[in-house]
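Here the structure is laid out as structure tokens; the discussion comes afterwards.
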Amino acid sequence: MGRTPWYDQPKETLHVALFSYLQELESRQIYRERETVYNLGQYEDREVMGIAPGMYLRPRSVADRSRRSLGITSALVDTAANHITQTKPIGMALTEGGNAMQQIRAKGINRFIEGAFYRLGVHNHMRRAGLDQCWDGTGVVYVDRDGKNPIVERVFPREMIIDESMSEFTEPFEMTRRKYLPKYKLKALFKKFSKQIDDAKPAKLYGVGQTKADVDLVPVYTTWRLPVDEDTPGKKAIIIEGATLQLEDYKRSYFPFVFMRWRWAPGGFWGVGIPSLVGRIQQEVDRTYRHYSKAVGLAVPKMLLSREADINTEQLNNEMGSGIWYSGVPPQWLQGQMLPPEIIQYLQFNIGQMYQLAGISEMAAGMKKPAGLNSGEAQRVYNDTQANRFASPSQQYDEAAVEISKRLIDVAKDITDEFGEYEVQSHTTKGFYRVKFSEIYPDEDECVIKLWPTNFLSKSPPDQIAQVDDLIKMGLLNTKQAKKLIQFPDLEGVLQDENAAEELVGKVIEEIVENDNYIAPDPTMDPESIRSVQNARNRYKTQGLPQYKLDMLDDWLAQAALMWPPPPAPMAGLGMPAGLPAPAPQMGAPPALAPG
């Protein structure tokens, strides 16, 4: 009979089985650590001895910090990461055929997501994970909670331990995260296990002296196993080598991690990063570059001196304008060739191949544009062509934002269920909002979370203005709507006063519909606001807005009509006032149907 799986062990002995299994798994998958060390060394362009404590942060000598190559891989990774992470994607709650109240609640969910992203610094963690996605092939973001506090953080890829034999062609059903924590912190979290923590074997540190702080560092393993079905929950266990610190049921159908990959491998769980794609060529570039550097040192100018000549060698120096006294044969300078031109062409060819494999142009990496590409339209087409090579990793990055949004909603549900409330502060162009999750708590399948199209317009000011101008020419935007799309700080201040009238009308509608707060019309408001409120009233009526809210909108319209009465109709026999267009002719019956 085989050994009992760790998840079927009692808590008292679970750590023995799980720790043994994880040690065996790490030994079998040592290739993953070697691959990470290789990718990290290629990206940082230095010798990385390992990623165990003390090995990565402390090179063995100053020579290990020196540049080893031309740094092409570093340029490729940075260019790709900057392109992928330049936007700030976020999930947006949408209702399918929902009534007005469901749409109002979805709007509150969107504010909650925006507030949670801002409060937890989600985009900062995503950018770091996006960089991991480029150099290691896989970026990881952790989303969970510690009591009533949500947690979002970037996870270093090698903290994850996954049995790829169970996920060669499918998703894994177990995951483990390994972290090194000081003993004092562990004892503060798990006071009942102070003795076992004190007795725990410290992590082996490489390249540093064993100080007291080093000895206190202990590897801690947190393992999640997904539920089999509704009746068989999963498990979450936190262990050290000598104790099971925590064991509880795990009921979610997903792990508390969000993954993004640069390129999917045909099989296996981990993605393929840029250093793995260009690594062989990078090695050839490094070899050629070393030969080139040696040739530069050898090909220094030499002076040929005749044995028959009488030359004063004391006058041989590198001073400008100096002369040399000689008799007989004059000295001659000899300049040797460093390398044949074919070697230089070979080096340039390999560098070009690296850019092509990564899907990055050398001009994009150097922040240059092709010669002759001067028109805005031509530059946008060129940028779109470049962006197509990043379509798959960019989509992974955007989908990660949607998944994080969903996880934060689930975390907020758990906190609200356990502690009664969870609140965030959301910021919009109209000000700050305090969003209480209990007030927008979504029902199951009430809405779906999709990507908010933050990257519809370019981030470049000239390109963004040109795109908005194109939308105006197509009739999709008017001038007022176009002004709202301009999102540059120096223009926002100028346009803020001009858009204030529309912002005020929007605030009136929002307060009535969402907060039951009636704001009466003001004589200083734009008379055109009547049309905006009327349109909103008609839209909300078709969506099933409660009647008392519709009555409040009707009261506002009635009060506004008294404040801004419609212009009187022209009297019969009097011409239209000068400057106004003539009324459209009345259409009579078609000729075939006209009475005889």
Side-chain angles (χ1 to χ4, degrees), residues 81 84-96 106 109-134 136-146 150-157 159-160 162 167 170-177 222 224-227 234 236 250-264 269-271 390-415 422 424 437 440 442 444-455:
I84 292 172
T85 63
Q86 66 179 333
T87 60
K88 293 184 177 181
I90 192 171
M92 178 179 63
L94 299 174
T95 61
E96 184 174 354
I109 295 173
N110 292 334
R111 287 177 180 167
F112 166 80
I113 295 174
E114 291 175 359
F117 266 58
Y118 175 78
R119 178 177 179 179
L120 300 171
V122 173
H123 286 123
N124 292 331
H125 298 293
M126 287 188 62
R127 276 191 288 269
R128 294 192 65 189
L131 178 61
D132 296 336
Q133 173 189 10
C134 296
D136 192 57
T138 307
V140 189
V141 178
Y142 175 72
V143 185
D144 207 344
R145 69 185 179 102
D146 181 12
I151 300 175
V152 176
E153 61 185 14
R154 167 254 189 179
V155 178
F156 188 74
E159 290 183 11
M160 302 299 301
I162 298 172
S167 57
T170 185
E171 290 297 314
F173 47 85
E174 285 183 12
M175 284 188 184
T176 298
R177 182 183 182 185
T222 304
W224 292 264
R225 180 177 175 83
L226 295 181
K236 176 186 175 182
Y250 187 74
K251 299 180 181 180
R252 295 201 184 283
S253 60
Y254 55 80
F255 296 105
F257 301 99
V258 178
F259 297 90
M260 55 190 86
R261 297 167 179 82
W262 172 259
R263 195 181 79 174
W264 282 95
F269 180 82
W270 301 103
F390 298 109
S392 178
S394 296
Q395 185 179 11
Q396 292 264 324
Y397 188 79
D398 293 343
E399 290 177 352
V402 176
E403 285 301 315
I404 293 173
S405 302
K406 295 177 181 178
R407 309 290 174 85
L408 287 175
I409 291 176
D410 288 343
V411 167
K413 286 182 178 180
D414 290 345
I415 295 175
Y422 178 67
V424 298
F437 193 80
I440 51 102
E444 194 70 24
D445 300 330
E446 181 180 1
C447 61
V448 295
I449 307 298
K450 293 188 177 180
L451 179 68
W452 177 258
T454 55
N455 54 350

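No experiment lies behind these values; they were computed from the predicted model shown.
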For E174, all residues meeting side chain to side chain contact (heavy atoms under 4.5 Å, CB included), sequence neighbours excluded: W6, Y7, Y21, R225

Which heavy atom in [X] sits nearest to a heavy atom in [Y], and how many Å separate them?
| X | Y | value |
| --- | --- | --- |
| R252 | L226 | O-CD2, 4.0 Å |
| D410 | Y254 | OD2-OH, 2.5 Å |
| Y250 | W224 | CE1-CD1, 3.6 Å |
| W270 | P157 | CH2-O, 4.0 Å |
| A400 | M260 | CB-CE, 3.5 Å |
| L131 | A81 | CD1-CB, 3.8 Å |

Is there a donor-acceptor pair under 3.5 Å between the side chain of [X] and the backbone N or O of [Y]?
| X | Y | result |
| --- | --- | --- |
| Q133 | Y397 | no |
| H123 | T87 | no |
| T138 | G271 | yes |

Are the side chains of [X] and [Y] in touch, meaning some heavy atoms are under 4.5 Å apart?
| X | Y | answer |
| --- | --- | --- |
| L408 | V152 | yes |
| I409 | I109 | yes |
| K236 | T222 | yes |

Under 30°, 30 to 60°, or over 60°: which ring-plane class applies to F257 and Y142, parallel, tilted or perpendicular? tilted

Nearest 0.5 Å, please: how far is [atom2] in [Y] from [atom1] in [X]?
| X | Y | atom1 | atom2 | value |
| --- | --- | --- | --- | --- |
| D144 | R407 | CG | CZ | 10.0 Å |
| R145 | I415 | CZ | CD1 | 6.0 Å |
| W262 | D132 | CH2 | CG | 13.5 Å |
| I404 | I113 | CD1 | CD1 | 11.5 Å |
| E171 | F259 | CD | CZ | 8.5 Å |

Among residues at least two apart in sequence or on other chains, which ones pass side chain to side chain donor-acceptor pair (under 3.5 Å) with R261? none

Could you list the residues that satisfy salt bridge (Lys or Arg N to Asp or Glu O under 4.0 Å) with [X], not counting sequence neighbours?
| X | answer |
| --- | --- |
| R127 | none |
| R128 | none |
| E399 | none |

Run the ring pair (Phe, Tyr, Trp, His ring centres under 6.0 Å) test against H125 and tell me which residues pass, sequence neighbours left out. none

Under 6.0 Å from the CZ atom of R263, do we count more than 12 heavy atoms belonging to anything else shown? no

Please determine if E403 and K406 form a salt bridge, counting it only when a charged side-chain N lies under 4.0 Å from a carboxylate O. yes

